[in-house]
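Just so it is clear, the structure is predicted and the values come from calculations on it, not from any experiment.
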2 protein chains.
Amino acid sequence: MKKEKKDTKQLILDTALELFSKRGYSAVSIRDISGKLGLKESAIYYHFKNKQDIFDVLCQSFENVIYSIPPNFAAEMAKVTKVEKEAFLMVCHSYFTNYLMEERVNQFLRMLIIEHGINEVAAKMYHRMMYDEAVDNQILIFNWLVQLGFLKTDNVERMVMDYHAMVVYLFHRYLICGEITDKVKRTIAEELTKHIDHFLERYGTCKEGK
Amino acid sequence: MKKEKKDTKQLILDTALELFSKRGYSAVSIRDISGKLGLKESAIYYHFKNKQDIFDVLCQSFENVIYSIPPNFAAEMAKVTKVEKEAFLMVCHSYFTNYLMEERVNQFLRMLIIEHGINEVAAKMYHRMMYDEAVDNQILIFNWLVQLGFLKTDNVERMVMDYHAMVVYLFHRYLICGEITDKVKRTIAEELTKHIDHFLERYGTCKEGK
DNA sequence: GTCTATAAATGGATAGAC
DNA sequence: GTCTATCCATTTATAGAC
């Protein structure tokens with residue numbers, strides 16, 4: 001049960017992530033981080049070996065986030081036997097609101113994008129989070145939706161590409177630059193809904209009134 | 001007719017762009033730039049007011065690149081009266097090989113992506129180059145292809161989104177991280193060809209053997 | 001666990017010689 | 001147009017007091 005007042009180490013990580021995600025690693029000094037927390041630089045060095053160590057610990061802590069998503073989702077999937085459009089829409093939107101737009105995940109992804117040119121670890125994590133693993137998971141899910149009879153296609157991979165390309169597009173266009181304002185949130189929601197409608201016109205099985 | 005041996009000013013810009021695009025503005029020192037050119041720091045200050053000035057001049061020089069593309073393309077378009085799939089494919093691939101993958105344009109875009117979080121100018125240019133203007137141009141071109149009878153759709157904007165999302169996807173996945181090796185070039189070519197085939201199955205008018 | 005003080009290095013920028 | 005020399009601010013990092 002170790003408990004410093006309010007876990008300075010975690011506060012340092014949070015502050016560092018916030019600043020790194022805006023300005024990039026090298027533009028942020030230890031003073032910036034400690035100053036923002038009302039500490040002196042030396043206090044940082046009590047908790048971390050050096051500046052790079054903060055970055056590395058941040059990356060490690062997000063490894064866990066990544067690995068926890070697919071199993072959680074698989075567990076949810078197992079319970080479902082029939083999927084309606086409403087549920088599909090909700091899950092798609094939730095991927096944005098609870099993951100890509102979630103404050104810390106969003107900050108982490110911004111940081112990776114800035115750093116992936118000079119940092120091998122950042123490059124690997126960015127590609128895993130944004131492409132390799134995202135596509136793999138989507139293939140799994142869409143295959144399952146095909147088996148459930150909610151989607152139809154003769155080429156699941158192409159279908160996933162169609163879907164995922166738009167996700168990446170919206171992410172880079174709206175969620176990586178500047179603040180995520182309410183206006184941005186509305187834009188994302190509208191664009192995503194339009195995209196899913198379009199997607200289901202092509203790959204959906206339930207013919208509706210629309 | 002002013003001509004320093006081989007235009008040091010331009011060499012500084014080239015070197016700065018190369019380094020900025022890899023490490024980001026703040027991680028590159030004046031010493032890094034001058035050192036790589038076999039000069040002393042003070043030589044840089046003869047050509048530029050300060051470090052920020054180098055960045056600003058780089059941005060200005062690319063303003064011209066951006067504005068020269070649509071008129072050039074429009075002039076080419078005016079000459080054409082009939083479009084075959086071969087020509088369409090060629091133009092799509094050329095957008096990658098001669099623009100997104102072209103060394104300097106690619107470096108500049110990488111730099112913008114790194115800097116757009118802290119630099120207003122970078123943010124504006126990135127969005128213009130990658131989204132606003134790219135989409136506008138594509139709408140123009142695809143509208144023209146619809147009129148020529150090469151494409152058909154009841155929603156040009158959606159068609160453009162389908163197309164452009166994949167371009168942005170391929171760009172961010174393959175062209176913004178690490179070296180653009182021959183392997184990467186092949187991957188891009190293959191993916192793009194697959195995408196265009198898929199795209200024409202949906203929006204093309206010429207039914208072919210395939 | 002945080003502070004003061006300080007070392008050591010790095011980076012931006014200028015003055016003036018050549 | 002480039003160099004030497006130098007200045008000053010910032011930054012990383014450590015030692016030792018509290």
In terms of ring plane angle, is the pair Phe142(A) and Phe88(A) parallel, tilted or perpendicular, where the classes change at 30° and 60°?
tilted
Is any N or O donor-acceptor pair between the side chain of Thr8(A) and the base of dT2(C) shorter than 3.5 Å?
no
Phosphate OP1/OP2 of dG1(D): any Tyr46(B) side-chain N/O under 4.0 Å:
yes
Nucleotide dT10(D), atom P - distance to CD1 of Ile33(A) in whole Å:
17 Å
Rounding to a whole Å, what distance do you find between Lys51(B):NZ and dT14(C):P?
15 Å
Ring centre gap for Phe96(B) and Phe171(B) strictly below 6.0 Å:
no
Minimum-distance nucleotide to Lys40(B) side chain [options: dC3(C), dT4(D), dG11(C)]:
dT4(D)
In whole angstrom, give the distance that lies between atom CD1 of Ile30(A) and atom P of dT14(D).
11 Å
When you measure from the side-chain N and O atoms of Tyr45(A) to the phosphate of dA13(D), is any distance below 4.0 Å, counting only OP1 and OP2?
yes
Rounded to the Å, how far apart are Asp32(B) CG and dT10(C) P?
11 Å
The side chain of Glu41(B) lies closest to which of these nucleotides: dA13(D), dA13(C), dC3(D)?
dA13(C)
Establish, yes or no, whether a centroid distance under 6.0 Å links the rings of Tyr169(A) and Tyr131(B).
yes
Atom pair distance, as rounded to whole Å: CG in Asp53(B) and C1' in dA13(C)
13 Å
From the candidates dT2(C), dA13(C), dA13(D), the one with an atom nearest any side-chain atom of Leu39(A) is dT2(C)
Heavy atoms of Met166(A) and Ala165(B) approach each other most closely as CE-CB, 3.9 Å
Any donor-acceptor pair, under 3.5 Å, between the side chain of Ser42(A) and the base of dT4(C), if you only look at N and O atoms?
yes
His47(B) NE2 to dG1(D) C1', straight-line distance once rounded to whole Å:
6 Å
Interatomic distance where CD1 belongs to Ile44(A) and P belongs to dC3(C) [whole Å]
10 Å
Please find out if less than 6.0 Å separates the ring center of His195(A) from that of Tyr163(A).
yes
Interatomic distance where NZ belongs to Lys9(B) and P belongs to dT2(D) [whole Å]:
12 Å
